[in-house]
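Residue numbering restarts at 1 for every chain, and letters A, B, ... go by the order of the sequence lines. From a predicted model like this one, the values you see are computed outputs, not experimental measurements.
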Protein chains: 2
Amino acid sequence: MTGQLPPRDFDSLRAAIVEMRATLPKRLMQVASYALERPDDMAFGTTASIAQAAEVQPSTLVRFAQHFGFDGFSGLQQLFRERLKERNGSYEDRLRHLESGGTAETEGVAILNGFLAAGHDSLSTLANTIDADALERAITILARAQTIYLVARRRSFPIVTYMAYAFGKLKVPCRVVSTSIGNEDDLLAQATAADAAFAVSFSPYAAESAAQAQALSERGVAVVGLTDSALSPLAASTAVWFELVEADHAGFRSLSASMAFAMALTVGVAERRRQA
Amino acid sequence: MTGQLPPRDFDSLRAAIVEMRATLPKRLMQVASYALERPDDMAFGTTASIAQAAEVQPSTLVRFAQHFGFDGFSGLQQLFRERLKERNGSYEDRLRHLESGGTAETEGVAILNGFLAAGHDSLSTLANTIDADALERAITILARAQTIYLVARRRSFPIVTYMAYAFGKLKVPCRVVSTSIGNEDDLLAQATAADAAFAVSFSPYAAESAAQAQALSERGVAVVGLTDSALSPLAASTAVWFELVEADHAGFRSLSASMAFAMALTVGVAERRRQA
DNA sequence: CCAAAAATAGAATGAGCATTCCATGAGGAT
DNA sequence: ATCCTCATGGAATGCTCATTCTATTTTTGG
């Protein structure tokens with residue numbers, strides 16, 4: 001490709017990269033990923049700083065640029081700079097475009113916008129209602145635990161699935177109390193007062209989740225709860241619980257705020273354990 | 001002014017310039033005018049190029065910067081660069097606002113606010129980048145399917161878990177291609193051209209997801225993809241794919257926007273099927 | 001399994017950069 | 001009028017940058 005004309009703008013470059021995806025050598029691919037992932041940094045950085053961030057050699061950046069027909073890295077970087085400038089200039093344009101486009105909105109986009117609006121609402125509500133003390137206590141409880149038991153069903157299940165994934169990455173021992181073998185009770189029987197649990201249950205409440213939270217609580221295992229109402233059966237048997245109401249769109253709720261909360265709790269716990 | 005602290009952001013600088021308007025020497029005034037008039041060029045230019053454009057000496061630019069408390073021109077230029085970045089996404093803006101406003105903020109709340117800001121940002125980005133046509137096509141493909149196969153691993157797994165739950169409620173036949181029995185291939189072997197699949201894969205991409213999406217695609221099953229980069233191995237074997245980049249907080253990403261998108265797609269498909 | 005080709009890492013290089021320095025010029029006070 | 005102060009122009013400087021070069025590793029093709 002070296003002999004050809006270089007892409008004229010950022011979108012062309014993007015297209016060229018996508019097209020060559022299959023044939024691009026390893027390191028050049030690394031640069032390509034970084035370039036598309038963090039275009040702002042590409043615009044401002046130097047070969048040295050970008051190379052370090054992308055974990056390649058500075059010379060690789062030059063080879064990458066030449067691979068796409070540029071003289072050197074500088075020519076490539078110009079594309080990223082112009083992109084930033086243009087984004088700025090046409091900012092109002094884009095807003096207007098969104099507004100006008102809003103009239104000819106397809107049904108799919110209308111639904112998506114509904115969920116996006118609901119997501120914003122949920123996140124804002126959570127920001128305003130969060131109890132800082134409760135959050136600290138919850139982090140303390142979970143950070144102290146030997147093993148964290150994660151209890152959830154149905155709609156709440158994805159939340160603990162994600163937490164389990166993140167905890168795993170962070171080397172925090174946890175177990176999802178799940179049911180494909182049907183040995184949940186055996187699993188829970190292993191929990192001791194040195195452990196802790198995190199239980200999630202949204203309306204309509206799954207009876208098992210509440211029952212398991214209660215069982216754990218009675219055996220001296222501290223339970224942190226996440227639910228959507230003070231009347232939730234979960235609230236009764238938790239040491240700390242949080243109320244989180246996801247805004248709904250047309251009767252359906254997404255998990256936008258719950259996921260943000262779950263990640264905050266997960267990272268908070270890992271951070272606390274790291275400090276200790 | 002030379003001894004004082006430099007302005008922290010572009011607006012502060014602007015205010016400082018306006019305030020000193022009367023007492024600023026002639027050449028420094030010239031620089032000030034140029035800086036406010038063409039901030040983009042200030043962000044990208046070199047002392048030489050800017051000096052020429054503003055019709056002053058390079059050293060005047062340095063003196064100008066020092067006059068406002070910076071070490072040199074580079075520190076001043078940083079303000080103009082950050083201004084350009086922030087215009088694009090208000091994420092960092094908001095984070096800094098949260099930082100400055102939250103005086104007695106506990107660590108847990110700080111982390112949560114980070115994820116909330118990231119969530120808002122992700123949702124906004126999704127709203128701005130969604131391709132309405134692609135969404136309609138995806139809904140059409142999935143609505144026509146006899147059975148929808150859901151492919152995802154690791155971080156993406158909670159998304160399809162939730163979709164499976166919601167599809168179940170909505171009486172749309174679907175199957176999560178998951179692995180506790182290890183019969184994934186047998187499961188996929190049942191898929192025909194009358195079916196369709198939805199595959200999710202975020203970096204770092206799980207090889208199995210991409211492979212399964214490709215296998216399905218090769219057998220005539222239309223695949224709708226959700227990923228975070230045009231370079232994702234998933235993009236190669238999909239009939240329609242969406243790029244969704246979750247903003248991160250301290251290197252961790254939540255699934256706020258992904259969940260909103262998943263629900264929009266789910267409800268959109270159910271709605272389309274109801275109409276047909 | 002080997003040879004040829006391509007890709008890569010890392011040091012070397014030269015150009016261009018921000019910055020400093022100093023001589024000169026302008027303006028105001030005594 | 002003469003000094004003093006501060007702004008200015010422009011050359012000098014040292015440093016960082018993008019780029020090139022070469023030895024080595026990895027990949028490709030017979």
Side-chain angles (χ1 to χ4, degrees), chain A residues 1-4 6-7 13 16-17 20-35 38-39 41-82, chain B residues 1-4 6-7 13 16-17 20-35 38-39 41-82 231 233:
Chain A
M1 171 136 193
T2 313
Q4 302 191 13
L13 174 67
I17 290 175
M20 301 181 77
R21 175 176 28 158
T23 63
L24 223 49
K26 188 173 153 203
R27 286 292 121 93
L28 298 191
M29 194 64 198
Q30 227 170 298
V31 174
S33 304
Y34 184 86
R38 314 188 54 163
D41 295 329
M42 285 288 288
F44 292 115
T46 66
T47 45
S49 66
I50 295 170
Q52 192 176 13
E55 297 179 328
V56 297
Q57 292 289 327
S59 55
T60 307
L61 295 177
V62 177
R63 272 187 294 115
F64 178 83
Q66 290 170 342
H67 198 86
F68 284 91
F70 297 95
D71 268 6
F73 176 74
S74 305
L76 173 73
Q77 192 176 40
Q78 200 54 38
L79 254 57
F80 288 85
R81 298 191 161 184
E82 267 153 27
Chain B
M1 172 136 195
T2 313
Q4 300 192 13
L13 174 67
I17 289 175
M20 300 180 77
R21 164 179 34 147
T23 64
L24 223 49
K26 186 173 154 201
R27 286 293 124 94
L28 297 194
M29 196 61 212
Q30 224 171 303
V31 174
S33 304
Y34 184 85
R38 315 189 53 166
D41 295 329
M42 285 288 287
F44 292 117
T46 67
T47 45
S49 66
I50 296 170
Q52 191 176 14
E55 298 180 330
V56 297
Q57 291 290 325
S59 55
T60 306
L61 293 177
V62 177
R63 273 186 291 115
F64 178 83
Q66 289 170 341
H67 198 84
F68 285 91
F70 297 95
D71 269 7
F73 176 74
S74 304
L76 172 73
Q77 192 176 41
Q78 201 54 37
L79 255 56
F80 287 84
R81 297 189 162 185
E82 266 153 28
L231 298 174

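- Atom CZ of B:Phe73 and atom C1' of C:dG16 are 15 Å apart (whole Å).
- Among residues two or more places apart in sequence or in another chain, the side-chain hydrogen bond (donor to acceptor under 3.5 Å, both in side chains) test is passed with B:Arg38 by B:Asp41.
- Distance from the side chain of B:Ala48 is smallest to C:dC17 among C:dT20, D:dT19, C:dC17.
- At C:dA9, one or more side-chain N or O atoms of A:Thr60 fall inside 4.0 Å of OP1 or OP2 (strictly under the cut-off).
- Within the 4.0 Å cut-off from OP1 or OP2 of C:dT19, at least one side-chain nitrogen or oxygen of B:Ser74 is found.
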Can you list, pair by pair, the side-chain donor-acceptor contacts under 3.5 Å of residues 50-61 of chain A, counting residues two or more places apart and other chains?
{"residue": "A:Thr60", "atom": "OG1", "partner": "A:Gln57", "partner atom": "O", "Å": "3.3"}
{"residue": "A:Thr60", "atom": "OG1", "partner": "A:Arg63", "partner atom": "NH2", "Å": "3.1"}

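- We find that CZ of A:Arg27 is positioned 11 Å from C1' of D:dT25, with the value rounded to whole Å.
- Across all strands shown, B:Leu61 has no heavy atoms under 4.0 Å from either base or sugar-phosphate atoms.
- The side chain of A:Arg63 places no N or O atom within less than 4.0 Å of a non-bridging phosphate oxygen (OP1 or OP2) of C:dA7.
- When the P atom of D:dC6 is taken as reference, atom CG of B:Leu24 falls 16 Å away, rounded to whole Å.
- Between A:Gln57 and C:dT8 there is no side-chain N or O to OP1 or OP2 distance below 4.0 Å.
- Nearest to the side-chain atoms of A:Ser59 among the listed nucleotides C:dA9, C:dC21, C:dA7 stands C:dA9.
- Phosphate proximity of C:dT20 to B:Gln66: present, with a side-chain N or O under 4.0 Å from OP1 or OP2.
- What separates NZ of B:Lys26 from C1' of C:dA26 is a distance of 10 Å, to the nearest Å.
- Taking atom CG on B:Leu28 and atom P on D:dA7, their separation rounds to 7 Å, with Å as the unit.
- Between the CD1 atom of A:Ile50 and the P atom of D:dC17 there is a distance of 11 Å, given to the nearest Å.
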